[in-house]
Amino acid sequence: MSAYHRVRIKICGMTRLADALCAVEAGVDGLGFIFSAKSPRMVAPETAKAIIGRLPPLVDAVGVFVDEEPGQVAAIVRECGITIIQLHGAESPAYCRELASLATHCRLLKAIRVSDQTTAAEVAPYNGVAHGFLLDTYQKNVVGGTGQTFDWSLIDRLNLAWPFLLAGGLDADNVGCALARVKPYGVDANSGLEDAPGHKNHGQIRRFIAAVRAFEAGLLINSR
């Protein structure tokens with residue numbers, strides 16, 4: 001990340017309009033809406049549509065799906081006004097290509113659950129198929145929202161050729177350290193900003209976004 005790179009901020013697990021509007025006011029770049037029945041933060045398409053309809057221009061609506069049938073994903077994307085699709089399951093590169101042909105207006109993020117067993121060879125086939133990656137913490141039988149960080153030193157060996165967002169246990173207290181060490185294109189927070197699953201803490205939202213912008217301000221001062 002260069003001194004002038006503006007870190008993109010995504011907050012995931014949105015289920016309530018008030019939480020979304022708080023994040024928008026604080027300066028978020030994207031909001032995540034989870035459509036997986038296994039998630040305690042699952043949102044119904046009609047609820048997501050109502051929230052997304054209140055978002056201003058240039059704030060992305062990210063639809064999070066886990067091993068869902070491509071046609072169903074495309075239908076929800078169209079209904080709700082999703083602008084970015086995040087695939088958080090075991091979706092193959094072929095699946096990504098099929099989905100891209102059904103949702104041509106959307107960009108694709110492929111989530112990678114990182115552990116010491118994750119290799120560059122596993123990630124490489126997604127380069128150029130997805131528009132970027134989201135790196136999250138691997139936990140057996142859990143696809144996201146673990147609230148746990150992972151060993152960030154593992155990222156270098158993945159040889160990522162496309163931009164990535166860092167996720168996994170980020171909050172206002174550790175995001176500055178994460179930015180300094182990892183230098184991601186963007187960051188994604190979820191459970192670290194909640195009072196309960198799907199119920200965001202507005203003070204934590206503001207603190208998180210302020211912490212990211214404070215880190216950037218420090219880079220600008222040091223580059224002069």
Side-chain angles (χ1 to χ4, degrees), residues 1-12 29-30 32 34 36 38-39 60 62-68 70 73 83-104 106-171 174-192 212 215-216 219:
M1 184 173 64
S2 72
Y4 298 101
H5 170 73
R6 181 180 180 276
V7 179
R8 271 54 173 192
I9 301 173
K10 171 177 172 271
I11 297 179
C12 202
D29 296 291
I34 300 174
S36 169
K38 295 182 179 179
S39 172
D60 278 303
V62 184
V64 181
F65 299 90
V66 180
D67 299 321
E68 182 62 76
V73 173
T83 55
I84 297 175
I85 299 171
Q86 178 180 316
L87 301 174
H88 218 100
E91 299 89 357
S92 68
Y95 174 105
C96 294
R97 284 190 286 269
E98 179 181 357
L99 181 57
S101 71
L102 297 174
T104 56
C106 284
R107 290 157 290 165
L108 296 183
L109 275 177
K110 182 66 184 80
I112 306 294
R113 296 161 60 208
V114 181
S115 74
D116 57 5
Q117 301 299 311
T118 309
T119 67
E122 295 174 46
V123 179
Y126 294 96
N127 287 323
V129 178
H131 295 88
F133 299 99
L134 182 140
L135 305 184
D136 203 354
T137 303
Y138 174 83
Q139 192 173 103
K140 188 176 181 180
N141 300 323
V142 179
V143 295
T146 66
Q148 302 294 318
T149 59
F150 63 90
D151 181 357
W152 298 329
S153 69
L154 297 172
I155 295 174
D156 286 343
R157 73 183 193 182
L158 300 181
N159 297 325
L160 299 173
W162 291 80
F164 70 90
L165 275 65
L166 180 67
L170 296 180
D171 57 30
N174 64 15
V175 70
C177 177
L179 291 170
R181 291 180 56 185
V182 179
K183 300 177 175 59
Y185 177 78
V187 290
D188 182 16
N190 189 348
S191 60
V212 174
F215 175 84
E216 292 177 312
L219 287 183

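Just so it is clear, the values below take in all heavy atoms, side chains as well, and ignore hydrogens, waters and symmetry mates. Heads up: numbering here begins at 1 and tracks the sequence.
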Report task. For H88 and D136, run side-chain contact (heavy atoms from CB on, under 4.5 Å): C-alpha distance rounded to whole Å, both residues' side-chain angles, the deciding distance at 0.1 Å, then the answer. Result -> CA-CA 9 Å; H88 218 100; D136 203 354; 3.3 Å; yes

For [X] versus [Y], what's the shortest heavy-atom pair and its separation?
X    : Y    : answer
N190 : C12  : OD1-O, 3.2 Å
F65  : E91  : O-OE2, 3.6 Å
Y138 : S115 : CB-CB, 3.8 Å
L108 : C96  : CD1-O, 3.5 Å
P125 : E122 : CD-O, 3.5 Å
L170 : N174 : CA-OD1, 3.4 Å

Report task. Using the side-chain contact (heavy atoms from CB on, under 4.5 Å) rule, take V114 and L158 through it: C-alpha gap first, then chi angles, then the decisive distance, then the call. Result -> CA-CA 9 Å; V114 181; L158 300 181; 4.3 Å; yes

Heavy-atom side-chain proximity of [X] to [Y] below 4.5 angstrom:
X    : Y    : value
L160 : Y126 : no
L134 : Q86  : yes
V7   : E216 : yes

Does [X] have any side-chain hydrogen bond (donor to acceptor under 3.5 Å, both in side chains) partners at least two apart in sequence or in another chain, and if so, which?
X    : value
T104 : none
E98  : none
K110 : none

Requested in this report: Return yes if some donor-acceptor pair links the side-chain N/O of T137 with the main-chain N/O of Q148 below 3.5 Å, else return no.
Outcome: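 Confirmed, T137 side chain pairs with Q148 backbone.
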
Query raised in the report: Any donor-acceptor pair under 3.5 Å linking the side chain of Y185 with the backbone of W162?
Result: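 Judged by distance alone, no pair lies under 3.5 Å.
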
About how many Å separate [atom2] of [Y] and [atom1] of [X], when rounded to the nearest 0.5 Å?
X    : Y    : atom1 : atom2 : result
D116 : R157 : CG    : CZ    : 6.5 Å
L154 : T118 : CG    : OG1   : 7.5 Å
F150 : L135 : CZ    : CG    : 5.0 Å

Report task. Kindly write out the residues that satisfy side-chain contact (heavy atoms from CB on, under 4.5 Å) with A94, not counting sequence neighbours, or none if the list is empty. Result ->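 By the side-chain contact (heavy atoms from CB on, under 4.5 Å) rule, A94 matches S92, R97.
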
Requested in this report: Would you sort out whether Y95 and V73 count as a side-chain contact (heavy atoms from CB on, under 4.5 Å), showing the intermediate values?
Outcome: CA-CA 11 Å; Y95 174 105; V73 173; 3.6 Å; yes

Query raised in the report: With sequence neighbours left out, what residues match D60 under salt bridge (Lys or Arg N to Asp or Glu O under 4.0 Å)?
Result: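 Residues passing salt bridge (Lys or Arg N to Asp or Glu O under 4.0 Å) with D60: R107.
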
Requested in this report: Go through the steps for K10 and I84 under the test side-chain contact (heavy atoms from CB on, under 4.5 Å), then give the verdict.
Outcome: CA-CA 11 Å; K10 171 177 172 271; I84 297 175; over 6 Å; no

Please set out all donor-acceptor pairs under 3.5 angstrom arising from side-chain atoms of residues 175-182, sequence neighbours excluded.
none

